[in-house]
Structure formats: structure tokens, C-alpha cells
Amino acid sequence: MATAWILGSIGWMPSAGQQTCCVLVELGDELILLDAGSGVANLDLCEDVLRRHGRLSILLSHYHLDHVVGLMYLKRFAADMRVDVYGPGRPVYPKTTEEYAADLLQPAMYSSGHWGFAREVRYLDYGGRDFCVGSVRVGVRPQRHSAPSFELRLDNALVYATDSAFDAELWEGQAPARVLLHECWQLADGDARHTSAEALVAGIPEGMFDRVVLLHQNPAWAHADRLHVEAAVASRGFELARDGLVIEV
């Protein structure tokens, strides 16, 4: 049994009260944060969950700023914890995760530096390969984006796929899981770096997931755009995420 809290459901920049991508998952004995966008600020919704754990594992799909800016907010929530930060790193990027964190959280930008937001901080590169967080197996699959980006599968409980162009052929024959968290950037195809509602509705295989929740939504959507996308994905029983949504996996 697992629980996921959607802390950030928007891409690029916060908009209309919604923060950028961040999902907290409690799975067995492990507490895992999927990406560290501005949604880290919503960890105050889960302070009782944080108190149950001495370690927080952060899994970064890639290093774009809207997915890592929340690292500098962690001191409020994780000052007494050990935090392990997993990123793609080498060899798929020219630098390690630690080096990218040091660039972002350099003292000129963030006074605590890249080691100062927790009691103990470790940086690890998964290098585009499967790995384990405690007893949780993390499946890793490359995605098509403007920079190397990776789908992350936590056992067969939850699949997290954001910042990716959609290719229906890549989903054929994949193992099922209970929940899919997938990006939805536009209604129709047109941006080769991202996924449309149109592609998801046509391309996600029937019966592969019990629940499909769509995040990394476009902050440029007007209210009418959101309603249009909601109606399109509802034809498959999919739903748009909102910050604060709790999913029992």
C-alpha cells in the first residue's frame, strides 16, 4: 500500500495557486519525493508524514529549474533528516547531480549551500539505469525531451512520467501499474518536447493503469482551456491533478 500527495501539478512556473512538479510518495518504509519543483513549499501539508521518517529520498527526472528549485525550500521541512538526492548525472549528463546542485545552490544564490538544507545530504547519480531506494525498486526509462529526462517507476505501484514527448509505441507491452502520473502540456499535438491530451487519450493502452492523473499542466491555459482538456481526458476516465490531491495507490 502506498500514498501519494500531489504537491505541485504545474510545469514551468507557478500559476493560479498551483506549484511546479513535486509528488511525495510513502511506499512501505520509504518516503520518496518525485522531483523538487516549487511544490516542495506544500510539504507543510504533510508534516505529520515527514515526522514518521528519518530519511527523505528525492528522485529527479531531470534538472530543469521548475523541477529542482524547491531544493532550497527543504531546510524548513528536512533540517533534521537525512536527504538522498538521486539525479540522472553521468554518463547521460556532462556533470554529476552534486555538481548541478552546487551550481544551483551556490552561496551567492542560497546562503545554506548545497549541503545545508538537511542534517545529512547525499547526492547519487542513477545514470539512466534502474536502482533501488531501500526495498523499493525504481525502474528508469529514457524520455524524449529538450534535455535528458527519465520516467521513474516505483515498483509496480506508481509510474511518474513528465517532461516527455509521447510515443504510443513505447507504451505497448509495458508492465501494468496501479497509478500513472503523466504530464499533459497541451490539448493537441504541436510541441515536440511535451505530451498532449490528444496523444494520451489515443495512446495509453486500455487496462494498463487503474488510475491516470495528469500533471505538468501548462500555466498559460485559460480557464476555458482547462475545461476543454478536462473534458477530453475524461473520455478515458483520466483526471487533471490539483495541488493537495491525495492518491491511495
Side-chain angles (χ1 to χ4, degrees), residues 4-15 18-25 31-43 56-75 77-78 83-90 92-106 109-110 114 117-118 121 123-128 131 133 138 140-154 158-166 180-186 191 193-195 213-220 241-243 245:
W5 293 264
I6 306 296
L7 303 178
S9 55
I10 293 290
W12 182 17
M13 61 182 179
S15 178
Q18 305 296 101
Q19 301 294 332
T20 64
C21 278
C22 185
V23 179
L24 185 68
V25 181
L31 189 63
I32 295 171
L33 200 66
L34 297 170
D35 277 337
S38 64
V40 169
N42 281 329
L43 275 172
L56 175 66
S57 298
I58 301 174
L59 314 187
L60 301 176
S61 61
H62 63 306
Y63 301 111
H64 279 170
L65 189 59
D66 56 330
H67 294 258
V68 300
V69 67
L71 291 174
M72 66 179 64
Y73 309 155
L74 279 169
K75 191 169 184 178
F77 306 104
V83 175
D84 294 343
V85 183
Y86 295 82
R90 292 178 178 162
V92 295
Y93 275 86
K95 293 184 179 182
T96 66
T97 300
E98 181 179 347
E99 288 172 318
Y100 284 117
D103 290 343
L104 173 67
L105 302 178
Q106 59 184 281
M109 303 289 191
Y110 177 63
H114 70 293
F117 54 76
V121 181
Y123 292 96
L124 305 103
D125 293 345
Y126 59 79
F131 61 103
V133 174
V138 182
V140 175
R141 193 161 66 129
Q143 304 178 131
R144 290 191 292 116
H145 190 46
S146 55
S149 176
F150 294 88
E151 172 196 298
L152 302 169
R153 173 185 289 256
L154 305 183
L158 181 148
V159 176
Y160 176 76
T162 185
D163 287 60
S164 174
F166 186 83
L180 171 64
L181 304 178
H182 201 292
E183 80 149 57
C184 183
W185 184 249
Q186 63 239 357
D191 187 336
R193 303 162 299 174
H194 287 289
T195 295
V213 181
L214 306 179
L215 37 64
H216 200 273
Q217 300 152 22
N218 195 326
R242 298 286 296 184
D243 292 9
L245 176 66

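The analysis underlying the following values was restricted to heavy atoms, covering all of them including side chains, and did not include hydrogens, waters or symmetry mates.
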Exercise. Is Tyr160 close to Asp35 at the side-chain level, that is, under 4.5 Å between some pair of heavy atoms?
Worked result: yes
For this session: For residues Ala41 and Tyr73, report the shortest heavy-atom separation together with the two atoms involved.
Result: N-CD1, 4.0 Å
Seminar exercise, completed: Between the CG atom in Asn218 and the CD atom in Glu183, the distance rounded to the nearest 0.5 Å is 10.0 Å
Exercise. Listed by chain and number, what are the side-chain hydrogen bond (donor to acceptor under 3.5 Å, both in side chains) partners of Glu151, not counting sequence neighbours?
Worked result: Arg141
For this session: For Leu124, check side-chain contact (heavy atoms from CB on, under 4.5 Å) against everything at least two apart and list the hits.
Result: Asp84, Tyr86, Arg122
For this session: Work out which heavy atom in Val23 is nearest to a heavy atom in Ala4; give both atom names and the distance.
Result: CG1-CB, 4.2 Å
For this session: Please name all residues satisfying ring pair (Phe, Tyr, Trp, His ring centres under 6.0 Å) with Phe117, sequence neighbours left out, ordered by chain then number.
Result: none
Seminar exercise, completed: The salt bridge (charged side-chain N to carboxylate O under 4.0 Å, His left out) partners of Lys95 (sequence neighbours excluded) come to Asp103
For this session: Please identify each residue that fulfils side-chain hydrogen bond (donor to acceptor under 3.5 Å, both in side chains) with Thr20, with sequence neighbours left out.
Result: Ser38
Problem set entry | Note, His216 side chain near Thr195 side chain (heavy atom, < 4.5 Å) | no
Exercise. By salt bridge (charged side-chain N to carboxylate O under 4.0 Å, His left out), which residues pair with Arg193, not counting sequence neighbours?
Worked result: Asp191
Seminar exercise, completed: Tightest non-hydrogen contact, residues Val69 and Gly37, listed as CG1-C, 3.9 Å
For this session: Mind checking side-chain contact (heavy atoms from CB on, under 4.5 Å) for Trp12 and listing every partner two or more places apart, or none if nothing turns up?
Result: Trp185, Pro219
Exercise. Can you name the closest pair of heavy atoms from Gly127 and Val92 and give their distance?
Worked result: O-CG1, 4.0 Å
Problem set entry | Side chain proximity check, Tyr126 to Val138, heavy atoms < 4.5 angstrom | no
Exercise. Just wondering, do Val213 and Leu180 contact through their side chains at under 4.5 Å, heavy atoms?
Worked result: no
Problem set entry | Non-neighbouring partners of Gln186 that pass side-chain hydrogen bond (donor to acceptor under 3.5 Å, both in side chains), sequence neighbours left out | none
Exercise. With Ser9, which residues qualify under side-chain contact (heavy atoms from CB on, under 4.5 Å), at least two apart?
Worked result: Ile6, Gln18, Leu215, Gln217, Ala241, Asp243
Exercise. Quick check: does any side chain N or O of Asp66 sit under 3.5 Å from a backbone N or O of Gly11, one acting as donor and the other as acceptor?
Worked result: no
Exercise. Among all residues two or more places apart in sequence or in another chain, which pass the ring pair (Phe, Tyr, Trp, His ring centres under 6.0 Å) test with His114?
Worked result: Tyr123
Seminar exercise, completed: Output for pair (Ile10 CD1, Arg242 CZ), nearest 0.5 Å, gives 7.0 Å
Problem set entry | Full working for side chain to side chain contact (heavy atoms under 4.5 Å, CB included) between Leu7 and Leu43 | CA-CA 7 Å; Leu7 303 178; Leu43 275 172; 3.5 Å; yes
Exercise. Looking at Leu158, Val25, Thr162, Leu214, which one forms a side-chain contact (heavy atoms from CB on, under 4.5 Å) with Leu181?
Worked result: Leu158
For this session: For the residue pair Ser164 and His145, establish whether any side-chain heavy-atom pair is separated by less than 4.5 Å.
Result: no
Problem set entry | Tyr100: ring pair (Phe, Tyr, Trp, His ring centres under 6.0 Å) partners, not counting sequence neighbours | Tyr63, Tyr93
For this session: For a side-chain hydrogen bond (donor to acceptor under 3.5 Å, both in side chains) with Ser149, tell me which candidate from Gln143, His67, His64 qualifies.
Result: Gln143
Exercise. Would Asp163 and His194 satisfy side chain to side chain contact (heavy atoms under 4.5 Å, CB included), going step by step from the backbone distance to the final call?
Worked result: CA-CA 6 Å; Asp163 287 60; His194 287 289; 4.0 Å; yes
Problem set entry | Sub-4.5 Å side-chain heavy-atom contact between Leu33 and Cys22 | yes
For this session: Identify the heavy atoms of Ala118 and Val121 that sit nearest to each other, and give their distance.
Result: CB-CG2, 3.8 Å
For this session: Would you sort out whether Leu71 and Val40 count as a side chain to side chain contact (heavy atoms under 4.5 Å, CB included), showing the intermediate values?
Result: CA-CA 8 Å; Leu71 291 174; Val40 169; over 6 Å; no
Seminar exercise, completed: With sequence neighbours left out, the residues meeting side-chain hydrogen bond (donor to acceptor under 3.5 Å, both in side chains) with Ser57 are none
Seminar exercise, completed: Heavy-atom closest pair (Gly128 atom, Phe150 atom, distance to 0.1 Å) is CA-CE2, 3.7 Å
For this session: Please assess Met109 against Leu104 for the test side chain to side chain contact (heavy atoms under 4.5 Å, CB included), listing each intermediate value before the final yes or no.
Result: CA-CA 7 Å; Met109 303 289 191; Leu104 173 67; over 6 Å; no
